[in-house]
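Let me begin by presenting the structure, written as structure tokens, before commenting on it.
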Amino acid sequence: MSTHTSHPDIIKRLKRADGHLKSIISMLEEGRSCLDIAQQLQAVESAVTNAKKILVHDHIEHCLEHVVLEGQQSADETLREFKEITKYL
């Protein structure tokens with residue numbers, strides 16, 4: 001696996017989501033409002049979804065493009081991998 005230019009951004013987003021999750025656990029333990037908790041859960045979900053989209057798009061643009069241009073993988077295998085990763089969008 002190689003590191004892409006998007007990975008630091010993805011890491012930052014996931015660390016932010018991790019912080020939100022820890023906050024949500026505290027909110028639940030403190031008996032905070034369900035509305036406040038749901039709002040924070042939505043923020044976590046959004047952060048993870050955005051990180052996933054960036055990762056998938058980056059894989060398509062860099063990894064799949066690279067193996068096709070370099071002839072390292074057959075078109076059938078590349079198409080199969082493309083279909084597989086786009087399931088996560």
- Query: Rounded to the nearest 0.5 Å, how far apart are CD of E30 and OG of S23?
  - Reply: 8.0 Å
- Message: Is there a continuous path of hydrophobic side-chain contacts, each under 4.5 Å between heavy atoms, that joins L89 to I85?
- Response: yes
- Item | Of all pairs that satisfy ring-ring contact (aromatic ring centres under 6.0 Å, His included), the ones with a partner from residues 19-59, not counting sequence neighbours | none
- Presence of salt bridge, K22 and D18, under 4.0 angstrom: yes
- Task: Quick one: closest heavy-atom pair of D58 and H4, and the distance?
- Result: OD2-CB, 2.7 Å
- Out of curiosity, E61 CD to H66 NE2, how far, rounded to the nearest 0.5 Å? 15.0 Å
- Message: Just verifying a value: how many Å separate Q40 CD and I25 CD1, rounded to the nearest 0.5 Å?
- Response: 12.5 Å
- Provide the closest heavy-atom pair for I60 versus F82 in the form atom of the first, atom of the second, distance. CD1-CE1, 3.7 Å
- Task: Of all the heavy-atom pairs spanning Y88 and V56, show the shortest one and how long it is.
- Result: CB-CG2, 4.3 Å
- Task: To the nearest 0.5 angstrom, please state how far the NZ atom of K52 sits from the CG atom of L14.
- Result: 11.5 Å
- Sub-4.5 Å side-chain heavy-atom contact between V68 and Q73: no
- Shared hydrophobic cluster for I10 and V44 (ILVMFWY, side-chain gaps under 4.5 Å): yes
- Approximate separation, where rounding is to 0.5 Å, of E81 CD and T78 OG1: 7.0 Å
- Heavy-atom distance under 4.5 Å between the side chains of I11 and K15, does that happen here? yes
- Message: Side chains of V48 and R13, heavy atoms from C-beta outward: is any pair under 4.5 Å?
- Response: no
- Item | Distance in Å, E45 CD paired with N50 CG, rounded so as to fall on 0.5 Å steps | 10.5 Å
- Query: Same cluster or not: are L28 and L21 linked, directly or through other Ile, Leu, Val, Met, Phe, Trp or Tyr residues, by side-chain heavy atoms under 4.5 angstrom apart?
  - Reply: yes
